[in-house]
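Quick notes on the structure that follows.
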Amino acid sequence: MIQIDGVRKSFETPRGRKVVLQDFSLTVRDGTFLGVSGESGIGKSTLISMIAGLQKPDSGKITVNGTELTALPDSKLCRFRNRTMGFISQEQSFLENLSVLDNVKLPTLLSRERLLNASEADERAKSLLSELGILELSEMDPSSLSGGENRRVLIARALMNDPEILIADEPTDAVSRTQAEEITAIFRKLSAGGKTVILVTHDESVLGKCDEVIHLGEPPKTSGF
């Protein structure tokens, strides 16, 4: 379960300090497929970055599966995040000198704990690519992928360490409607299998497939799902 209590987050801008989240609280129960929407700049990406432990709030508390992220030192936070969460950013962040398969394996290969050995990592990466219908892309250069293929590879990489929580920032942006529906179906299947999925999107048709939706920018309130 994800518990956010009274979080405040602000940033310094040329026009002064801007508060993007103020006294924000939220509970996300295990296995929920949660959609996050709101206007550009309202704090959607900031919220999921804090849930993923990539940013820290100015104040307040974020607890994931009983571990208070806001109290962890960076070294322990990094290990916890690598075991517990998969994060899909808006950027198509691949290492271009590596094949698709090697890019998918990166979370395990870069982990200090080495959750899988080299052979196991290879087998799991191929299994994920196969489940997502893109095993034939294994040896391709990531720069040659289409938008839909790119998103599937990012999902495979995020799932490499079998995280309990999957967080995605605009994963259906700049893909066709058919591809968006296929990607959304993947997230629904993962949620049905027990994973908590948090998805930021402006796409109303995608939000309609979520179990719950929060709209940032609405009057402040405590939400719980």
Side-chain angles (χ1 to χ4, degrees), residues 1-3 26-37 44-45 47-49 51-54 64-65 67 80-94 100-101 103-108 111 115-116 120-121 123-135 137-138 145 147-214 225:
M1 186 170 73
I2 300 167
Q3 184 72 47
L26 174 70
T27 299
V28 185
R29 304 197 180 279
D30 295 343
T32 298
F33 184 14
L34 174 67
V36 181
S37 73
K44 304 184 299 298
S45 295
L47 173 61
I48 61 170
S49 291
I51 294 173
L54 298 171
V64 176
N65 294 349
T67 297
F80 180 81
R81 183 172 59 236
N82 200 41
R83 290 195 312 267
T84 309
M85 303 182 195
F87 190 83
I88 302 167
S89 68
Q90 284 181 283
E91 292 77 26
Q92 300 176 9
S93 50
F94 294 115
V100 163
L101 182 65
N103 268 282
V104 171
K105 291 190 290 185
L106 279 176
T108 292
S111 172
L115 303 175
L116 301 172
E120 291 169 335
E123 182 178 343
R124 174 155 178 78
K126 288 180 178 178
S127 176
L128 287 168
L129 290 170
S130 179
E131 287 176 21
L132 292 168
I134 51 172
L135 180 60
L137 304 180
S138 295
L145 302 180
E149 291 169 343
N150 179 290
R151 297 304 192 279
R152 288 174 185 251
V153 173
L154 289 173
I155 293 170
R157 186 173 67 183
L159 291 170
M160 188 64 197
N161 287 342
D162 195 20
E164 300 167 43
I165 300 167
L166 191 65
I167 302 172
D169 195 357
E170 299 283 7
T172 61
D173 191 34
V175 300
S176 70
R177 172 52 48 198
T178 298
Q179 290 170 333
E181 291 174 353
E182 291 171 349
I183 290 167
T184 305
I186 291 169
F187 288 124
R188 276 221 59 84
K189 182 178 179 180
L190 291 167
S191 176
K195 294 189 186 299
T196 301
V197 179
I198 302 176
L199 183 152
V200 167
T201 183
H202 61 275
D203 190 327
E204 290 295 332
S205 66
V206 174
L207 292 171
K209 301 293 196 307
C210 297
D211 298 326
E212 306 286 350
V213 176
I214 59 170
F225 306 124

Item to complete: Check L129, V100, V104, V153 against S138 for a side-chain contact (heavy atoms from CB on, under 4.5 Å) and give me the one that passes.
Response: L129
Discussion item. Quick check: closest heavy atoms across A174 and R151, and the distance to 0.1 Å?
Written reply: CB-NH2, 4.3 Å
Fill in: Positive for side-chain contact (heavy atoms from CB on, under 4.5 Å) with I48, one of L34, I167, I88, L54
I167
Item to complete: Can you measure from CG (L159) to CG (L154) and round to the nearest 0.5 angstrom?
Response: 11.0 Å
Worksheet entry | Verdict with supporting geometry, E120 and T108, side chain to side chain contact (heavy atoms under 4.5 Å, CB included) | CA-CA 10 Å; E120 291 169 335; T108 292; over 6 Å; no
Discussion item. To the nearest 0.5 Å, what is the distance between CD1 on I186 and CD1 on I155?
Written reply: 4.5 Å
Worksheet item: So does R152 pair up with E182, basic N to acidic O under 4.0 Å?
Response: yes
Discussion item. With rounding to the nearest 0.5 angstrom, report the CG to CG distance, L166 to L199.
Written reply: 9.0 Å
Fill in: Taking every non-hydrogen atom, the tightest pair across K105 and A125
CG-CB, 3.5 Å
Discussion item. Checking S49 now: which residues fulfil side chain to side chain donor-acceptor pair (under 3.5 Å) with it, not counting sequence neighbours?
Written reply: none
Practice prompt. Verify side chain to side chain contact (heavy atoms under 4.5 Å, CB included) between M1 and T27, making sure each step is shown before the conclusion.
Written response: CA-CA 7 Å; M1 186 170 73; T27 299; 3.7 Å; yes
Worksheet entry | Straight-line distance of I51 CD1 to T196 OG1, nearest 0.5 Å | 10.5 Å
Worksheet entry | E181 atom CD, neighbour heavy-atom count above 12 within 6.0 Å | yes
Discussion item. Please enumerate all residues that pass side-chain contact (heavy atoms from CB on, under 4.5 Å) together with E131, with sequence neighbours excluded.
Written reply: S127, L128
Worksheet item: Quick one: CG on L132 to CD on E149, what's the gap to the nearest 0.5 Å?
Response: 12.0 Å
Practice prompt. State, with a plain yes or no, whether a side-chain heavy atom of M160 is found less than 4.5 Å away from one of L116.
Written response: yes
Discussion item. Between L26 and I2, is there a side-chain heavy-atom distance shorter than 4.5 Å?
Written reply: no
Fill in: Non-hydrogen side-chain atoms of N161 and R124 separated by less than 4.5 Å
no
Worksheet item: How about T84 and T67: do any of their side-chain heavy atoms sit closer than 4.5 Å?
Response: no
Discussion item. Between R177 and D203, is there a side-chain heavy-atom distance shorter than 4.5 Å?
Written reply: yes
Worksheet entry | Q90 and D173: side chain donor to acceptor below 3.5 Å | no
Worksheet item: Taking only residues two or more places apart in sequence, or in another chain, which ones meet K126 in a side-chain contact (heavy atoms from CB on, under 4.5 Å)?
Response: L101, D122, L135
Practice prompt. Please report the closest heavy-atom contact between G31 and S191, naming both atoms and the distance.
Written response: O-OG, 2.8 Å
Worksheet item: Going by atom types only, do T32 and D211 share a side-chain donor-acceptor pair under 3.5 Å?
Response: no
Practice prompt. Report yes if some heavy atom in the side chain of K195 is under 4.5 Å from a heavy atom in the side chain of D162; otherwise report no.
Written response: yes
Practice prompt. Using a 4.5 Å cut-off on heavy atoms from C-beta on, say whether the side chain of F33 contacts that of L190.
Written response: no
Worksheet entry | Nearest atoms (heavy-atom pairs only) where S37 meets L207 | CB-CD1, 3.7 Å
Worksheet item: Does some side-chain heavy atom of F187 sit less than 4.5 Å from a side-chain heavy atom of K209?
Response: no
Practice prompt. List the atom of P163, the atom of A158, and the distance in Å for their closest heavy-atom pair.
Written response: CG-O, 3.3 Å
Worksheet item: Where do K44 and V36 come nearest, in terms of heavy atoms and distance?
Response: CD-O, 4.0 Å
